[in-house]
Q: 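Below you will find the structure I want to go over with you.
Every value quoted in this text rests on a predicted model; they were computed, and no experiment measured them. Here, residue 1 is the first one in the sequence, and each next residue gets the next number.
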Amino acid sequence: MKALVLSGGSGTRLRPFSYSMPKQLIPIANKPVLEHVLRNVKDLGVTEIGVIVGDRAGQIEAVIGDGSALGVEITYIPQEAPLGLAHCVELARPFLGDDDFVMYLGDNMLPEGVERIAEQFTAERPAAQVVVHKVADPRAFGVAELAPDGRVERLVEKPQEPKSDLALIGVYFFTSAIHKAVAAIEPSARGELEITDAIQWLVANGDDVRASEYDGYWKDTGRIEDVLECNRKLLDDLKPAVEGEIDAASTLIGTVVVEAGARIVGSRIEGPAVIGAGAVVTDSHIGPHTSIGRDVRLTGTSITYSIALDGATISHVRDLHSSVIGRSASVGPSERSTRHHRLLVGDHTRVEVAA
């Protein structure tokens, strides 16, 4: 089996961060979302991975490389414009050949993995097997309507009156049968080749299409709120590890990771929290569910339920929460009387707030 991971798209809901970086590189627990995805794929025993990339290809390649650091082999497949998920399959046909493959959206987080579903697909080999998850409001999703034996009878995109609460969540297993379906469909009203149309074509033509329910934690990291909530979830599963320097005036409480090269001076850290390599935290309080990236500088600051990306500097700012501070951004005090508690600061940006 091979894998196709989709890492194009503009990530408009993640602005201002997606102005300067691909949404798939947003860090969750100090690792890019895309790295979490690639590790999940490797856990399936799949090492040949095609990665669809758009106009931010250079940034993704700079971070992920050839995949050898993760124990996989990556082939980058450029897509000039976001023309649909089925279009990605069409572009990847030379890489995929006639092999079975798993297609995985590069901004979806499924920390518990889909090994059980992959084993079921490999054993039974339907033409397609979609992964579904029960949601409270199916109207915002593609929805699978199933027969009693689990076979897909119909896929409906964002139904106003859903007959099912099983949403498609961005992981699909295919045999080579999907290629004839992709070749047969036409672009949708929005000008894209829709993977739901291709799967529905298989259903209409009598091919075996099944659905498997994923009942673990799932998050589409398409919004800042989702990124912070997913960061919380992964930090809750953190295992403590202290490899950096902690001085005698500092206190660590709960589950804390301090990576090699980080220094904690006169500070209090309440886990779960992770402090990246090369970070220096001085006279500060880091509260639960906070990720501090590599080479971050924190001085006289209190921050909780937040993410500071690599190279950020935060000085003498109190009561930051639910904040995301971009790469090499600078946040410092001002003379204004208004206190800011929640900040979204883009990469390489300087912001002054009440101390």
Side-chain angles (χ1 to χ4, degrees), residues 1-9 37 41 44 46 49-54 75 77-108 114 117-118 120-122 124-133 138 140-147 150-159 162-164 166-214 220:
M1 186 186 292
K2 291 179 180 176
L4 185 63
V5 174
L6 311 188
S7 295
V37 168
V41 170
L44 303 180
V46 178
I49 305 175
V51 177
I52 299 286
V53 289
T75 299
I77 303 168
Q79 185 185 36
E80 293 185 2
L83 297 176
L85 305 190
H87 182 248
C88 294
V89 174
E90 183 178 70
L91 288 175
R93 181 66 196 273
F95 165 77
L96 296 168
D98 290 327
D99 292 325
D100 295 352
F101 67 99
V102 55
M103 186 169 79
Y104 206 129
L105 301 192
D107 55 0
N108 273 225
V114 291
I117 298 172
Q120 182 183 11
F121 170 76
T122 301
E124 301 177 3
R125 295 193 71 245
Q129 188 159 330
V130 298
V131 180
V132 296
H133 185 79
F141 301 91
V143 173
E145 297 177 7
L146 309 183
R151 296 176 190 270
V152 175
E153 292 185 328
R154 191 165 70 124
L155 297 177
V156 185
E157 190 66 30
K158 298 180 180 177
K163 297 181 179 179
S164 164
L166 296 174
L168 304 177
I169 62 171
V171 180
Y172 309 81
F173 292 87
F174 295 118
T175 68
S176 60
I178 192 63
H179 298 299
K180 65 181 180 182
V182 169
I185 63 173
E186 298 291 335
S188 65
R190 60 178 183 171
E192 297 186 5
L193 288 176
E194 310 284 357
I195 199 65
T196 49
D197 289 346
I199 299 170
Q200 185 62 43
W201 187 92
L202 291 173
V203 172
N205 280 269
D207 288 278
D208 185 7
V209 178
R210 304 185 191 181
S212 293
E213 185 177 348
Y214 172 81
D220 171 357

Q: At their closest point, which heavy atom of Ala3 faces which heavy atom of Phe101, and how far apart are they?
A: N-CB, 4.5 Å

Q: As an exercise, state the distance from CD of Glu194 to CG of Leu83, rounded to the nearest 0.5 Å.
A: 10.5 Å

Q: Quick one: do Asn108 and Val171 satisfy side chain to side chain contact (heavy atoms under 4.5 Å, CB included)? Show the steps, please.
A: CA-CA 9 Å; Asn108 273 225; Val171 180; 5.7 Å; no

Q: Considering all heavy atoms of both residues, which atom of Ala147 and which atom of Glu153 are nearest to each other, and what is their separation?
A: CB-OE2, 3.5 Å

Q: Going from CG on Leu146 to CZ on Arg151, what distance comes out if it is rounded to the nearest 0.5 angstrom?
A: 11.5 Å

Q: Is any side-chain heavy atom of Phe173 closer than 4.5 Å to one of Thr122?
A: no

Q: CG of Asp100 to OG of Ser176: how many Å apart, nearest 0.5 Å?
A: 7.0 Å

Q: If we only count heavy atoms from C-beta on, is the Leu155 to Val203 side-chain gap below 4.5 Å?
A: no

Q: Quick one: OH on Tyr172 to OG1 on Thr196, what's the gap to the nearest 0.5 Å?
A: 7.0 Å

Q: Shortest non-hydrogen contact from Ala181 to Ala198?
A: CB-O, 3.3 Å

Q: Heavy-atom count around Glu124 CD within 6.0 Å, excluding the residue itself: above 12?
A: yes

Q: Show the atom names and distances, to 0.1 Å, of all donor-acceptor pairs under 3.5 Å that link a side chain in residues 85-93 to residues at least two apart or in another chain.
A:
| from | atom 1 | to | atom 2 | distance (Å) |
| --- | --- | --- | --- | --- |
| His87 | ND1 | Gln79 | NE2 | 2.9 |
| Arg93 | NE | Gly97 | O | 3.2 |
| Arg93 | NH2 | Asp98 | OD1 | 2.8 |

Q: Is there a side-chain contact between Phe121 and Met1, using heavy atoms and a 4.5 Å cut-off?
A: yes

Q: Please tell me if the side chains of Leu6 and Met103 come closer than 4.5 Å, counting only heavy atoms from C-beta onward.
A: yes

Q: Quick check: closest heavy atoms across Pro138 and Val143, and the distance to 0.1 Å?
A: O-CG2, 3.4 Å

Q: With heavy-atom distances below 4.5 Å as the criterion, would you say the side chains of Thr75 and Val51 are in contact?
A: no

Q: Measure across Asp197 and Glu186 and return the closest heavy-atom pair with its distance rounded to 0.1 Å.
A: OD2-O, 4.5 Å

Q: Are the side chain of Lys2 and the backbone N or O of Phe95 linked by a donor-acceptor pair below 3.5 Å?
A: yes

Q: Could you give the distance from CG (Leu202) to CZ (Phe174), rounded to the nearest 0.5 Å?
A: 8.0 Å

Q: Within this structure, what is the CD1-CG distance for the pair Ile117 and Leu44, rounded to the nearest 0.5 Å?
A: 10.0 Å

Q: Side chains of Leu193 and Pro187: closer than 4.5 Å at any heavy-atom pair?
A: yes

Q: Answer whether the closest heavy-atom distance between the side chains of His179 and Leu96 falls below 4.5 Å.
A: yes

Q: Ser212: which residues meet the side-chain hydrogen bond (donor to acceptor under 3.5 Å, both in side chains) condition with it, sequence neighbours left out?
A: Gln120, Gln129

Q: Is Leu168 close to Val132 at the side-chain level, that is, under 4.5 Å between some pair of heavy atoms?
A: yes

Q: Just to verify, what does Tyr104 make a ring pair (Phe, Tyr, Trp, His ring centres under 6.0 Å) with, not counting sequence neighbours?
A: none

